[in-house]
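Structure first, then comments.
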Amino acid sequence: MFTGASNLAEGVDRTFIFIFSIAAIFIVGITVFMIYTVVHFSRKKGKEASQFRGNAKLEALWITVPIIIVMVMFYYGWSGFAPMRDVPANAMEITAIGRMWEWEFDYGNGMKSKELVIPVNKAVRVNLKSEDVNHSLFIPAFRVKEDAIPGYSNYLWFIPTIVGEYEILCTEYCGLLHSSMLSKAKVLEQDKYDVWFSEFKNTASEPVPDGYLLLRNTGCIACHSLDGTRLVGPSFKNLFGKETTVLAGTTQKSITVNEEYIKNSIYNPDSEIVTGYNKGLMRSYKDVINDNDIQIIIDYLKTLAGEK
Ligand SMILES: [Cu+2]
C-alpha cells in the first residue's frame with residue numbers, strides 16, 4: 001500500500017496503518033451506534049423508561065479491550081522507533097546544516113552540497129546542526145524526521161533501499177521563507193555515487209570568494225539573491241553603484257548605492273528602504289558583521305556589479 005524507500009519505512013507504516021485502522025473502526029462504530037440510539041431511543045408515546053445500574057461484564061470489557069489495543073499500539077510504535085536511534089557502527093556520516101532558509105550537507109573536508117547524494121543500500125548517519133533557529137529535517141520517503149536545534153547535537157539515520165530522487169523539507173516553522181526550505185535526497189547506485197563523489201571532490205575544492213562565504217553564512221542570500229531574482233529584499237546583482245529611490249522615514253529620495261549606503265543598510269536596515277520593499281523584515285547585523293567583514297562584502301558586491 002505504501003512505498004517507503006528506506007529500511008525504517010516498514011516499522012513506521014505498520015504503526016501508522018494499525019493506529020489509523022483502529023481510529024477508522026472506532027469512528028464508524030461510534031457513529032453507527034449513535035445514529036441507532038437516536039432513532040431507537042427517541043421519545044415515544046406510552047413507553048416507560050427502563051432503569052438499570054452497573055454491568056460488571058461490560059465494564060471489564062471496556063477496560064481490557066482498550067488496554068490491549070493501546071499495548072499493541074505501543075508495541076508497534078516501540079519496535080518501529082527503537083531502530084531509529086540505533087545507528088550501525090559502519091554508517092557513513094554526513095552533517096546536515098539548517099539555516100534560514102536552506103539545507104546544506106557537509107561531507108567533511110569542506111565538501112558541502114545543497115543536495116543529499118547517497119549510495120543505495122548503505123547506512124547513512126545524518127548529524128543535524130542549526131546555525132540560527134530551530135529547523136527540522138524531514139525526508140518523507142524514508143520516514144525520518146528530526147529537529148536541528150542550535151547548540152544541540154541531534155542525528156537521524158537510515159538505509160536508502162530504492163534508487164531515486166526524494167523530497168527533503170523543513171518541518172519546523174523557521175520564519176518567512178520556511179516553506180521554500182527544500183532540498184533533494186538523491187539515491188544512486190554505488191558506481192554512479194562513486195563517480196558523483198569524485199567529481200564533487202574536485203569542484204568542492206575550488207576556492208570560493210570570502211565575500212560570498214560571509215553572505216551565505218550570515219544568511220543574507222536567503223533574502224537577497226545573487227542572480228537578480230526578486231526575493232524578500234533587493235538582489236545583490238548589479239546593486240553596487242545603482243541609482244535607486246529609497247524611503248527614509250516618510251520622505252522619498254534618490255540615492256546611489258555606495259559603500260556608505262550598504263554599511264548603513266546592514267546596521268540600520270529600516271532607515272532607508274528601497275521603494276517597493278517592506279520595512280521590519282531585516283534585523284540589524286551590527287553585532288554580527290564587523291567593519292572588516294563589511295568591507296569584504298562590499299568588495300564582493302562590486303564584483304557582482306561588474307565594477308573594477
Ligand atoms: Cu527551517
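Start at 1 and go down the list; that is how both ligands and their atoms are numbered. This chain uses plain numbering: 1 for the first residue, then up along the sequence.
Ionic pairing of Glu115 and Lys186 is present here: one or more N-O contacts between side-chain nitrogen and carboxylate oxygen are shorter than 4.0 angstrom. The pair Asp106-Lys129 does not count as a salt bridge, with every side-chain nitrogen at least 4.0 angstrom from each carboxylate oxygen.
Closest heavy-atom contact between Leu61 and Pro66: O-CD, 3.9 Å.
Among residue pairs with one or both ends in residues 267-300, none qualify as ring pair (Phe, Tyr, Trp, His ring centres under 6.0 Å); sequence neighbours excluded. Annotation: ring pair (Phe, Tyr, Trp, His ring centres under 6.0 Å) contacts involving residues 27-60, sequence neighbours excluded, comprise Tyr36-His40. Residue pairs satisfying the side-chain hydrogen bond (donor to acceptor under 3.5 Å, both in side chains) criterion with at least one member in residues 147-160, sequence neighbours excluded, are listed as follows: Arg85-Asn154, Ser136-Asp147, Glu146-Asn154.
For the Cu ion (ligand 1), the count of nearby protein N, O or S atoms, meaning those under 2.8 Å away, is 4.
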